[in-house]
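Right, one structure below, let's go through it.
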Protein chains: 2
Amino acid sequence: MTERPDSPRSRRERPAKPALSREGIVAAAVELLRAEGLRKVTMRRLAQELDTGPASLYVYVRNTDELHAAVLDELLGTVGPAPREGSWRDRLEQVLTAYTMMLFEHPTLARAALTARPSGPNYLNLIETLLALLDEGGVPPAQAAWGVDMLLQLATAQAAEHSEQDASPTHQDDWDALVGALRNASPRTHPHIAATVGVLLSGPPRARMSWAFQTLINGIERTAVPE
Amino acid sequence: MTERPDSPRSRRERPAKPALSREGIVAAAVELLRAEGLRKVTMRRLAQELDTGPASLYVYVRNTDELHAAVLDELLGTVGPAPREGSWRDRLEQVLTAYTMMLFEHPTLARAALTARPSGPNYLNLIETLLALLDEGGVPPAQAAWGVDMLLQLATAQAAEHSEQDASPTHQDDWDALVGALRNASPRTHPHIAATVGVLLSGPPRARMSWAFQTLINGIERTAVPE
DNA sequence: ACCTGAACACCGTTCAAGT
DNA sequence: ACCTGAACACCGTTCAAGT
């Protein structure tokens, strides 16, 4: 299951030397992300892809983090608007799930998103959608406002953590080590772990994700913001 | 406000060439983290600190991620046991806050913790403590089990995101850009953002963190796990 | 003004060769 | 067996110099 670059030049036939521009750079970065993953979206590699030296990119992009944030906002456009059917709760979960799924495909991007917050139009639209749904559900505006932050954080963290894509051997080993440690926990020193280890590790990821969103929504509904 | 290595050899006088061992390596990594931050905890730099070549470390540590996970578990020992005073809710929040604060000092480590889960004894103890407190609060075991995962995820994500330490100019600029974008959101296209922008950005970080923990605890208390 | 070659100061990881 | 020098294949970012 190795990665295919798909085709080094897609979209158009790439004229000999397209003029540099921020949009062009970001577009090339997205293309590169799709083809080879974020780990390859480096200044040097991107410059190579654009037939120039790395220094040239710094005219349009402050640094690597900013580049990644721009890529994220671009991908956010993929998520699409809220569905029209179902309860506000279901629709809220659907939007969050769609956002999470998009990030699942690019775990490294999710990790970046946790720190470098995007501020592009697509991110704003997402926030607006979430606020509107919470409002529709009768959640007081203050709780909705603080809650949106948590919902996005949860979605991002889920993606950064559980990403199935990231089947790197190390990741798997870490997980196995944790599972082993939990299973072997002594009932004497760690009674609660021993008693609950079955549930601790149970449930398909989808079910846990759904439960997580509902749990957080329930909390947001019921927890007043300090005045 | 530049970083001081404090003193290249601390603790003991460092004999000419201490024998390599996993513990020695991890200890040196923690020392290096404290002195210069996780960004400097690289295989090469660590090897240099230990007077050897980078290849030698690979005998004891699988790779950089595993090294970071080991460092995290080591720091977890710092967090200490649950307090004895106060309601289970307060104590739960205190433990989570202590954990978060520890991670706040090392944002990069928090980011790493999101993916490379530790499985050392200190991590197990933390899980046990959280389970015990939820149990004391009468939260059904299944909800507590899934909830612990979320609580740790939230704490980690908070640290990775809001870390005040990470006052890197880029981070600040990103944030300013987002604030600007929210403030300028048109009431026509983004009515909910426009109406709520005050609260969206309000509140001291501590208050928001506390609210976030309480919100999640409330949700966990009230949301049944699918059978 | 805009662009970039070349350099600086780093990385992780592997492996053949040494002790 | 255990250890490691040296190499491979990369990084981000800066800046003096060119057009």
- For DNA chain D, what is the dot-bracket line, given that a base pair needs Watson-Crick (N1 to N3, plus N6-O4 or O6-N4) or G-U wobble (N1-O2 and O6-N3) geometry with both distances under 3.5 Å, and | means paired with another strand? ||.|||||...|||||.||

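Within the 4.0 Å cut-off from OP1 or OP2 of dT4(D), at least one side-chain nitrogen or oxygen of T52(B) is found. Distances shorter than 4.0 Å separate some side-chain N or O of S56(B) from OP1 or OP2 on dT4(D).
Exactly one residue among V61(A), L33(A), L38(A) makes a side chain to side chain contact (heavy atoms under 4.5 Å, CB included) with H68(A). That residue is L38(A). In summary, of the residues considered (D73(B), L96(B), V95(B)), a side chain to side chain contact (heavy atoms under 4.5 Å, CB included) with L126(B) occurs for V95(B) alone.
Side chain to side chain, H192(B) and E128(A) meet the donor-acceptor criterion of an N or O pair below 3.5 Å.
Scored by the side chain to side chain contact (heavy atoms under 4.5 Å, CB included) test, A29(A) finds V41(A), L46(A), L67(A), V71(A) as partners (sequence neighbours excluded). A search for side chain to side chain contact (heavy atoms under 4.5 Å, CB included) contacts involving R22(A) returns V26(A), Y60(A), E66(A), A70(A), not counting sequence neighbours. For R188(B), the side chain to side chain contact (heavy atoms under 4.5 Å, CB included) criterion is met by S186(B), not counting sequence neighbours. Checked against side chain to side chain contact (heavy atoms under 4.5 Å, CB included), E23(B) has the following partners two or more places apart in sequence or in another chain: S21(B).
When every heavy atom of L178(A) is checked against every heavy atom of P118(B), the shortest pair comes out as CD1-O, 3.7 Å. The minimum heavy-atom distance between T156(B) and L152(B), with the atom names listed, is OG1-O, 2.6 Å.
As rounded to whole Å, 16 Å separates atom P of dC2(D) from atom CZ of R22(B). Rounded to whole Å, atom P of dC10(D) lies 17 Å from atom CG of L38(A). Put simply, CD on Q48(B) is 11 Å from C1' on dC10(C), counting in whole angstrom units. Put simply, CZ on R39(A) is 12 Å from P on dC10(D), counting in whole angstrom units. When the P atom of dC11(D) is taken as reference, atom NZ of K40(A) falls 8 Å away, rounded to whole Å. If you measure from atom CG of L57(A) to atom C1' of dC2(C), you get 14 Å, rounded to the nearest angstrom.
Taking the C1' atoms as reference points, dC3(D) lies 14 Å from dT14(C), given to the whole Å. Of the P atoms belonging to dA9(C) and dA9(D), the separation is 24 Å, rounded to the nearest Å.
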- If a protein heavy atom is under 4.0 Å from the base, mark B; if only from the sugar-phosphate, S; if neither, -; do that for nucleotides 12-19 of chain D going 5' to 3'. BBBB----

